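Taking it in order: structure first as structure tokens, then the write-up.
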2 protein chains.
Amino acid sequence: MSDTLTPPGTAPNPSPDSAPHRLVIVGGGFGGLGLAKSLQAKGLEITIIDQRNHHLFQPLLYQVATTILPTSDVAWPIRNLFKSRKDVTTLLDEVTGVDTEAKRVLLKEGAPVGYDTLVLATGARHSYFGHDEWEPFAPGLKSLEDATTIRRRVLSAFEEAELTSDADERDALLSFVIVGAGATGVELAGIIAELAQRILPPEFRNIDTRKARVILIEAGPRVLPAFPKELSDYAETALKRLGVTVMTDHAVTAMSDAGVTVSGQEIPTRTAIWAAGVTASPAAGWLGAEADRAGRVKVNPDLTVPGHPDIFVIGDTAAVEREDGSPVPGLAPAAKQQGQFVAKVLKARLAGQKQDDKFVYRHQGSLATIGKRSAVADFGRIRLKGALAWWLWGIAHIYFLIGTRSRIAVALNWLWSFISGRNSARLITQRDIHSDKR
Amino acid sequence: MSDTLTPPGTAPNPSPDSAPHRLVIVGGGFGGLGLAKSLQAKGLEITIIDQRNHHLFQPLLYQVATTILPTSDVAWPIRNLFKSRKDVTTLLDEVTGVDTEAKRVLLKEGAPVGYDTLVLATGARHSYFGHDEWEPFAPGLKSLEDATTIRRRVLSAFEEAELTSDADERDALLSFVIVGAGATGVELAGIIAELAQRILPPEFRNIDTRKARVILIEAGPRVLPAFPKELSDYAETALKRLGVTVMTDHAVTAMSDAGVTVSGQEIPTRTAIWAAGVTASPAAGWLGAEADRAGRVKVNPDLTVPGHPDIFVIGDTAAVEREDGSPVPGLAPAAKQQGQFVAKVLKARLAGQKQDDKFVYRHQGSLATIGKRSAVADFGRIRLKGALAWWLWGIAHIYFLIGTRSRIAVALNWLWSFISGRNSARLITQRDIHSDKR
């Protein structure tokens with residue numbers, strides 16, 4: 001067991017007789033997997049710790065929430081991905097802290113795990129900007145359970161509207177409020193509008209689901225704020241064509257059982273969804289490290305934590321700047337690139353070479369869908385919108401999925417949806433089990 | 001609205017000007033759907049009430065519990081199945097009682113629903129034979145949630161065994177006890193043994209999953225008691241070959257956190273599954289009707305309830321006898337046939353003709369799989385076992401699934417499992433949300 005991290009440029013201890021170098025990765029998201037997949041070296045032992053047994057393909061999670069894809073199409077058991085990598089051990093447990101003195105990760109269930117190098121890639125949760133009391137009324141979308149909760153609530157609202165004889169209650173049940181018009185908010189609004197407008201109408205007898213209102217609320221001046229204005233404008237027009245009410249420059253000021261208050265006006269609703277903001281996981285607290293307002297650890301240019309050359313923080317948990325001083329966005333490719341960067345740094349360290357000293361983010365482009373036939377794509381100079389962007393989006397996402405089975409399954413489910421107008425996963429599950437009535 | 005049921009042989013009121021005949025079906029299982037699918041008549045309005053939004057293909061539910069199939073492959077939204085049937089209204093609600101005087105079904109959320117004819121097809125739940133306190137330790141398998149609970153517990157046991165350093169705890173975690181060796185118990189035991197023996201070993205570093213024990217407990221003298229002895233013997237041998245410990249003539253006498261007590265001897269385990277018995281839904285209580293020991297309503301030969309010619313009870317909720325006096329088994333085909341029989345009776349009544357007066361069950365055969373490559377099939381004189389029976393089982397089940405998409409999806413998932421040895425739905429979800437720790 002090497003007690004100290006090999007400093008850059010110093011001879012490492014790679015001889016097979018010596019104790020292995022123990023790399024502990026906390027988090028099996030895009031960052032953690034990007035690292036473990038790119039790093040395999042003699043004398044290196046990797047442990048991945050995650051509180052879930054699965055890696056989640058976040059970019060398609062909104063399709064689970066909106067009945068298009070089943071949960072198993074967007075999630076893979078982490079340990080199965082490393083089946084043939086005998087150097088990788090996977091542990092399902094919750095990290096409760098890091099003892100940086102003794103160099104151990106503390107776990108909720110299992111014994112502490114010692115490390116020589118630690119990488120924290122624990123992601124982010126949704127943030128209610130100091131209004132955590134809103135969470136029961138407006139779940140966010142980060143986990144499979146979040147997705148099935150949203151799916152249950154959206155579908156249950158139509159079911160309850162079909163049952164009720166109270167006209168006001170019916171209107172509230174048929175109002176869907178999505179807070180935040182980033183990619184997730186726009187994608188959710190588009191598909192819920194499609195459900196109400198095209199998929200559900202022939203199945204209900206007492207209500208006309210086409211009368212449902214889908215309201216997208218954004219505090220800023222336009223939807224998809226991370227995209228060029230031209231594409232934001234296109235997206236807004238496309239959303240309106242689907243029947244979505246877009247309320248930009250409107251902030252949520254209160255939430256309750258009765259509805260969502262937006263700039264002083266109450267919108268009665270039984271189904272609100274939070275897509276407005278995220279906060280980093282508590283990694284900064286574990287380390288006693290400095291964090292930005294969103295809770296992200298302020299890391300060095302090589303993604304190590306100031307004062308801890310043996311600890312890296314990557315992905316949504318890290319505050320990293322681009323060359324122009326703007327923040328690296330919280331996107332899957334950014335986390336993946338950071339994981340691959342750390343792999344390169346560690347490879348160099350293990351080989352006793354000087355490593356790259358600065359992570360440089362390469363933006364590969366941004367994509368967002370609007371309903372089932374339209375999308376926007378921004379690749380810097382090249383900007384696409386409409387059906388072409390939608391096909392590109394679909395192909396890109398199938399390409400980025402893990403494994404042949406998922407690719408075939410997602411492609412088939414999309415094809416089926418496209419041709420038949422039936423979605424594959426319109427299930428209400430865990431009813432009455434959650435704290436919410438529905 | 002016709003106030004009285006048209007008695008057999010009496011002129012009905014089929015003229016289009018008159019009020020429609022209101023048929024209310026409670027339960028969207030094989031019985032309820034079998035009825036609604038076979039019955040469409042002028043002047044007839046059908047309402048299907050179910051507490052779930054989906055019809056569940058029970059015969060494959062054990063494959064959801066054992067990671068082979070995703071939930072959405074075995075469940076379909078009931079209202080979607082009747083999309084083009086304008087005479088069918090679907091309501092998602094829980095029935096709380098039946099007012100046989102006023103001829104209304106009472107609901108938990110919605111207003112009471114009036115009927116002219118009522119069909120109760122509400123199925124069964126697992127029964128702990130007076131030991132309901134065992135339920136937290138040994139969930140049964142009747143709903144999608146039951147299946148994902150069992151999936152979570154089985155997968156979590158392996159995960160916790162990988163984490164623990166306590167040898168006794170590890171042994172208890174790697175002991176899986178299945179109570180009841182009917183088709184469901186045998187099928188669960190076979191697949192869990194396959195998981196431990198063939199699928200999981202390359203993925204764990206601290207434990208050898210092949211050392212897991214799968215123990216199948218049966219109070220009677222042989223497994224698959226509904227099959228001929230020859231096939232029971234074959235199944236027992238096949239189970240043993242997969243590494244399952246078969247304990248026939250053993251009864252469970254106690255259950256706790258620590259384990260399952262069988263004929264006085266405690267088997268330490270963290271994962272027990274109940275596949276031993278069922279009890280009918282509370283339909284008998286709603287009607288104040290006579291029930292047998294399993295809670296099933298004792299119906300007339302035409303499946304009506306004594307004293308209520310306008311109320312039918314079918315499927316697992318009804319106690320029906322075969323011609324030889326033996327009970328009609330609680331199988332999907334039996335429920336379906338009863339639904340189709342009631343459709344015929346009602347068609348005749350609506351047309352003012354005399355209806356069939358006696359339901360006759362036609363047994364189409366029994367099938368059960370043992371692990372992934374073997375099965376037994378009993379068609380009376382023709383009995384099959386081994387790989388041929390397994391292929392037959394697979395083809396029959398794909399044939400009986402609803403819809404093209406499910407057939408393709410299930411076939412692909414099976415093919416994938418067969419070829420790659422990877423199962424499609426190895427997800428631990430809803431962890432910490434249930435009352436159970438795991």
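Since the structure is predicted, the reported quantities are computational estimates derived from the model, not experimental observations. These numbers come from the heavy atoms of this one structure, side chains and all, not from hydrogens, waters or symmetry mates. Residue numbering restarts at 1 for every chain, and letters A, B, ... go by the order of the sequence lines.
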**Prompt:** Which distance, rounded to the nearest 0.5 Å, do you find between the CD1 of A:Ile78 and the CD of B:Glu203?
**Reply:** 11.5 Å
**Heavy-atom pair count under 4.5 Å with chain A, highest-scoring of B:Ser72, B:Gly403, B:Ser406** = B:Ser72
**chain B contact via A:Thr164 - side chain, backbone, both or neither, heavy atoms under 4.5 Å** = neither
**Request:** Return the set of residues passing ring-ring contact (aromatic ring centres under 6.0 Å, His included) with B:Tyr62 (not counting sequence neighbours), or none when no residue passes.
**Result:** none
**Request:** Could you tell me which portion of A:Asp73 (side chain, backbone, both or neither) has an atom closer than 4.5 angstrom to a non-hydrogen atom of chain B?
**Result:** neither
**Message:** Does A:Arg198 have more than 12 heavy atoms from other residues, nucleotides or ligands lying within 6.0 Å of its CZ?
**Reply:** no
**CA sep, side-chain torsions, deciding dist, call: B:Gln430, A:Gln430, side-chain contact (heavy atoms from CB on, under 4.5 Å)** = CA-CA 9 Å; B:Gln430 307 294 338; A:Gln430 307 294 340; 3.5 Å; yes
**Prompt:** Is there side-chain contact between B:Leu412 and A:Leu412, with heavy atoms separated by less than 4.5 Å?
**Reply:** yes
**Asked** How would you list, in number order, the residues of residues 82-91 of chain A that have a heavy atom less than 4.5 Å from chain B?
**Response** A:Phe82, A:Lys83, A:Arg85, A:Lys86, A:Val88, A:Thr89, A:Thr90, A:Leu91
**Asked** Can A:Ile408 and B:Trp416 be said to form a side-chain contact (heavy atoms from CB on, under 4.5 Å), step by step?
**Response** CA-CA 11 Å; A:Ile408 296 174; B:Trp416 184 252; 5.7 Å; no
**Which atoms of A:Leu144 approach chain B - backbone, side chain, both or neither, heavy atom under 4.5 Å** = side chain
**Asked** Does any heavy atom of chain B fall under 4.5 Å from the side chain of A:Leu427, the backbone, both, or neither of them?
**Response** both
**Request:** Hey, could you give me the CZ/CZ distance between B:Phe158 and A:Arg79, rounded to the nearest 0.5 Å?
**Result:** 10.5 Å
**Prompt:** Going by heavy atoms in the side chains, are B:Thr71 and A:Thr429 under 4.5 Å from each other?
**Reply:** no
**Prompt:** If we ignore angles and hydrogens, is there a donor and acceptor under 3.5 Å between the side chains of B:Asn53 and A:Arg426?
**Reply:** no
**Contact check, side chains of A:Ile428 and B:Arg52, non-hydrogen atoms, under 4.5 Å** = no
**Request:** Give the intermediate values and the outcome of side-chain contact (heavy atoms from CB on, under 4.5 Å) for residues B:Arg405 and A:Ser420.
**Result:** CA-CA 10 Å; B:Arg405 193 204 77 87; A:Ser420 74; over 6 Å; no
**Request:** Find the one option among A:Gly110, A:Pro70, A:Pro202 whose heavy-atom pairs under 4.5 Å with chain B are most numerous.
**Result:** A:Pro202
**Item:** Proximity breakdown for A:Leu155 and chain B, heavy-atom pairs closer than 4.5 Å
**Value:** side chain
**Pairs of heavy atoms under 4.5 Å with chain A: top-ranked of B:Pro77, B:Ala75, B:Ala111, B:Ser424** = B:Ser424
**Fill in**
In this structure, CD1 of B:Ile199 is separated from CG of A:Asn80 (nearest 0.5 Å) by 9.5 Å
